[in-house]
Amino acid sequence: MPALLCGIGLFLVHAEAAPQPTQAQVFYSPGDLVRVARKETLQLKGEPFLGAPKGQEFTVLRHEKGKGPVVLAFLQKEGGVVEVTLPEDSLELVPPDGWALLLRGVQAFRDQRFEDARRLLAQATQDAQYKAMASSVQARLEPVLKSAGQVLQVEADTALKALPEARQQRLAQAQKAFVDAVALGRNTTVELANRGYTSLAYSFEEGLDRLGTRVLPKIEAAPAGRPELPSSQLSKDELADKARLAAFSIVRCRQAMAVRRMVEAKSYTEEGLRAEPSRPELKAMQTKAEAEIRDAEDRYNAALSNQKRNLPQALLALERGLKTCADLPQLLKLRDELSGALEEKTAPPVTPAFLSATKSTVEPARLEEGRQLYTTRCTQCHDLEMLDSRSASSWKSEVSSMARRAKINDAQQGIIVEYLAAAQLLVSQAPAKKSE
Ligand code: HEC
């Protein structure tokens, strides 16, 4: 099998780093983690799909050099992954940390990309936090790769073919070395699984199996004395399921956090950590989600204690709380309870009192239309803000920056802006009256 040997031989010999793309023409590899560097709209099949706030992270599926948009993975509620795209200049690479290098290194071994595996693991050993783990994985992987290369080399050595005895002896030696190295590798996978690094354990184990079938293929009549590949001590299917669940939980959690659904995010981290108890990304996101939830709970308590004494203050705390954590149940309940007062501050109805207080020269029907558009088109993705949180001119620019997302035309924009100008005036001048 010269083609196989050639491939594996090349992988095993060349261990230098792959060429890095230059700054000017960035392009991303599958599996890279990228971050949205400015507000953007995700495209699904070329159509606007969802707003992506600055800072949201995605995993790259594909990015062809010079072909523009980067194809990213987006996980839907039902669990299906859809391909969405963003322009390449709206993204930046999230530099992989020691853990990401380690995981990708072991995944590269799983996929039999040995050169990448070696390079990534070597990089991971430079990381203070993951140095020890990366070094021990590296120390177990290297003999596996080396002995595999030797077996294939002996098999392909044409000069040795004329010396069957010597060949058989060399082959047996190399096979024995490979089998011993795999056995030690298997111990490492058990250790990794026991320490809660499910994904590392799975990828390492799968890599050993794949390489094992190349180096010691199952054949009907194996020559007597040919060593057997040590069998796995782990339930690989179960590991595979857990590793997949952990990876999905990370993506789901990232998406939930992007829209500040922290309660949901926290539950994803818990689900993921049950599958992979030591997964660093999940632990970090769990800590973050818990901190945000505590913050929102403080806002909730402030809103509650101000509810009777100082309603505007309570509404502000409510708004801030929901911006921190959009799905905290007690805040949502309070929002319902205060919906009347909230409406007065976010989208007051066009009543005679409204008209006389604002002295608006705009026709009432047109104001009403503006309110309709505002309360229907601008509430699809988020709550309405308090009108006195920004000036009339700032509202105008917000409407224009959101117009594409809300799918409203210039005329509709103008109508919304007229309503907001009047309503903003009303809300700003209204003394904090108790609504009794
Ligand atoms: C398709 C979803 C979507 C629609 C529809 C939408 N927005 Fe937004 N809006 C967002 C997202 C996402 C953000 C979060 C920040 C960002 O990415 O710009 C946001 C943020 C905002 C903010 C806060 C900006 C800041 O800097 O804090 C305001 C104000 C706002 N939107 C107003 C509106 C108005 C007015 C409309 C209707 C014309 C509207 N939005 C319609 C998605 C939407």
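Atoms within a ligand are numbered from 1 in the order they appear, just like the ligands themselves.
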Among protein heavy atoms, which lies nearest atom 18 (O) of ligand 1, and at what distance? Lys39 CD, 2.9 Å
Just to confirm my output: which protein heavy-atom neighbour is closest to atom 23 (C) of ligand 1, and how far is it? Glu385 OE2, 3.5 Å
Do Phe74 and Phe49 have ring centroids that are under 6.0 Å from one another? yes
Please list, in number order, the atoms of ligand 1 under 4.0 Å from a heavy atom of [X].
{"X": "Gln380", "value": "5 (C)"}
{"X": "Pro53", "value": "17 (O)"}
{"X": "Arg377", "value": "5 (C)"}

If only side-chain N and O atoms count, and only distance matters, is there a donor-acceptor pair under 3.5 Å linking [Y] with [X]?
{"X": "Gln129", "Y": "Trp99", "value": "no"}
{"X": "Ser199", "Y": "Arg279", "value": "yes"}
{"X": "Arg38", "Y": "Ser90", "value": "no"}

Best match, Lys407, Gln412, Arg390: closest heavy atom to atom 25 (C) of ligand 1: Arg390
Within a radius of less than 6.0 Å around [atom1] of [X], do more than 12 heavy atoms belonging to other residues, nucleotides or ligands occur?
{"X": "Glu363", "atom1": "CD", "result": "no"}
{"X": "Arg210", "atom1": "CZ", "result": "yes"}
{"X": "Lys236", "atom1": "NZ", "result": "yes"}

For the residue pair Phe354 and Tyr419, does the interplanar ring angle fall in the parallel (under 30°), tilted (30 to 60°) or perpendicular (over 60°) class? parallel
Nitrogen or oxygen atoms of Tyr374 and ligand 1 under 3.5 Å apart: no
Does the pair Arg104/Asp32 count as a salt bridge with the N-to-O cut at 4.0 Å? yes
Please tell me if atom 14 (C) of ligand 1 is touched by the protein, where touching means a protein heavy-atom distance below 4.0 Å. no
Protein non-hydrogen atoms only, distance under 4.0 Å: does atom 39 (C) of ligand 1 have such a neighbour? yes
Check whether Phe248 forms a cation-pi arrangement with Arg252 (NZ or CZ under 6.0 Å from the six-membered ring centre, at most 45° off the ring normal). no
With atom 8 (Fe) of ligand 1 as the centre, enumerate protein N/O/S atoms below 2.8 Å in chain and residue order. His382 NE2, Met402 SD
